[in-house]
Colleague: 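Provided herewith is a single structure, encoded as structure tokens, for subsequent inquiry.
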Amino acid sequence: QVQLVESGGGLVQAGGSLRLSCAASGRTFGSRAMGWFRQAPGKEREFVAGITWRAGSTYYADSVKGRFTISRDNAKNTVVLQMNSLKPEDTADYYCAASGKLIATMRYEYDYWGQGTQVTVSS
């Protein structure tokens with residue numbers, strides 16, 4: 001089992017920044033990639049960004065490229081999503097997830113999920 005705990009959500013004005021953190025514990029050695037997803041009210045949960053634990057390779061949804069940055073601290077088992085130039089359409093609950101795959105962008109490819117943290121961007 002892998003436990004994931006997100007933190008750092010909140011309310012921010014458009015153009016502002018937020019930093020989300022995900023602390024992983026438990027049997028994390030089986031997780032090869034970590035990802036962030038988001039789910040807005042009435043919408044499907046969508047992939048935002050992913051990173052491989054070992055090499056730190058990153059990949060992003062087109063909607064956040066150039067604005068969001070995902071990073072990891074292997075020593076602390078923490079993954080961070082730095083969100084800049086936030087837009088009202090970024091408003092959603094953000095979820096951290098762990099996958100046994102090296103690269104994973106689909107919800108079904110992730111085995112463990114955090115409880116989510118809310119991000120609200122006002123216009």
Side-chain angles (χ1 to χ4, degrees):
Q1 290 288 334
V2 176
Q3 293 79 43
L4 303 172
V5 179
E6 304 98 335
S7 61
L11 173 65
V12 64
Q13 287 189 330
S17 298
L18 278 176
R19 182 181 174 90
L20 305 183
S21 292
C22 174
S25 60
R27 299 171 65 86
T28 58
F29 62 83
S31 298
R32 303 178 72 188
M34 299 291 292
W36 285 96
F37 284 71
R38 67 186 181 187
Q39 188 167 14
K43 294 189 176 182
E44 294 291 318
R45 191 171 298 187
E46 63 175 1
F47 172 79
V48 173
I51 187 167
T52 58
W53 268 122
R54 183 169 295 181
S57 300
T58 60
Y59 40 102
Y60 300 91
D62 288 342
S63 59
V64 305
K65 279 181 182 176
R67 300 189 298 122
F68 291 11
T69 302
I70 187 171
S71 60
R72 91 275 188 253
D73 184 332
N74 286 0
K76 296 182 179 180
N77 271 0
T78 299
V79 176
V80 171
L81 184 67
Q82 178 67 42
M83 306 186 295
N84 298 329
S85 302
L86 282 161
K87 304 175 181 180
E89 51 263 44
D90 294 318
T91 295
D93 290 328
Y94 282 72
Y95 297 88
C96 175
S99 173
K101 293 194 170 188
L102 185 60
I103 296 178
T105 61
M106 305 301 290
R107 183 174 178 176
Y108 68 84
E109 295 178 308
Y110 285 82
D111 305 302
Y112 301 98
W113 295 85
Q115 81 288 351
T117 185
Q118 189 174 52
V119 170
T120 303
V121 184
S122 63
S123 57

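Scope of the values below: all heavy atoms of this structure, side chains included, with no hydrogens, waters or symmetry mates.
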Colleague: Among all residues two or more places apart in sequence or in another chain, which pass the side-chain contact (heavy atoms from CB on, under 4.5 Å) test with S17?
Modeller: Q82, N84
Colleague: Keeping to residues at least two apart or across chains, list the side chain to side chain donor-acceptor pair (under 3.5 Å) pairs with something in residues 110-123.
Modeller: E6-Q115
Colleague: V64, F37: one ILVMFWY side-chain cluster at the under-4.5 Å cut-off?
Modeller: no
Colleague: Over all heavy atoms of both residues, which pair between A24 and L4 is shortest? Give the atoms and the distance, please.
Modeller: CB-CD2, 3.6 Å
Colleague: Scan for salt bridge (charged side-chain N to carboxylate O under 4.0 Å, His left out) pairs involving residues 14-24, sequence neighbours excluded, and state none if there are none.
Modeller: none
Colleague: Return each pair, listed once, that meets salt bridge (charged side-chain N to carboxylate O under 4.0 Å, His left out) where at least one residue sits in residues 49-67; pairs must be two or more places apart or across chains.
Modeller: D62-K65, R67-D90
Colleague: If you look only at pairs with a residue in residues 59-95, which of them pass as a ring-ring contact (aromatic ring centres under 6.0 Å, His included), with sequence neighbours excluded?
Modeller: F47-Y59
Colleague: When rounded to the nearest 0.5 angstrom, what is the spacing between CG in L102 and CZ in R32?
Modeller: 5.0 Å
Colleague: Does Y108 sit in a hydrophobic cluster with other residues, and if so which ones, taking ILVMFWY side chains as linked at heavy-atom separations under 4.5 Å, directly or through other members?
Modeller: M106
Colleague: List in chain and number order the residues that pass side-chain contact (heavy atoms from CB on, under 4.5 Å) with A55, two or more places apart in sequence or in another chain; answer none if no residue qualifies.
Modeller: T52, S57
Colleague: Decide yes or no for V12 and M83: does some side-chain heavy atom of the first lie under 4.5 Å from some side-chain heavy atom of the second?
Modeller: no
Colleague: Between T78 and S21, which heavy-atom pair has the shortest distance, and what is it?
Modeller: CG2-CB, 4.5 Å
Colleague: Can you list everything that forms a salt bridge (charged side-chain N to carboxylate O under 4.0 Å, His left out) with E46? Sequence neighbours excluded, please.
Modeller: R38
Colleague: Measure the spacing between CE of M34 and CG of L81 and express it to the nearest 0.5 Å.
Modeller: 11.5 Å
Colleague: Each residue besides L11 in its hydrophobic cluster should be listed here, by chain and number; the cluster joins Ile, Leu, Val, Met, Phe, Trp and Tyr at side-chain heavy-atom distances under 4.5 Å.
Modeller: none
Colleague: Test of understanding: with side-chain contact (heavy atoms from CB on, under 4.5 Å), list the residues that count as partners of S71, not counting sequence neighbours.
Modeller: V80
Colleague: With sequence neighbours left out, write down each residue that passes side-chain contact (heavy atoms from CB on, under 4.5 Å) with S25, or none if nothing qualifies.
Modeller: Q3
Colleague: Salt bridge (charged side-chain N to carboxylate O under 4.0 Å, His left out) with R45: which residues, sequence neighbours excluded?
Modeller: none
Colleague: Nearest 0.5 Å, what's the CD1-CD1 distance between I51 and I103?
Modeller: 11.5 Å
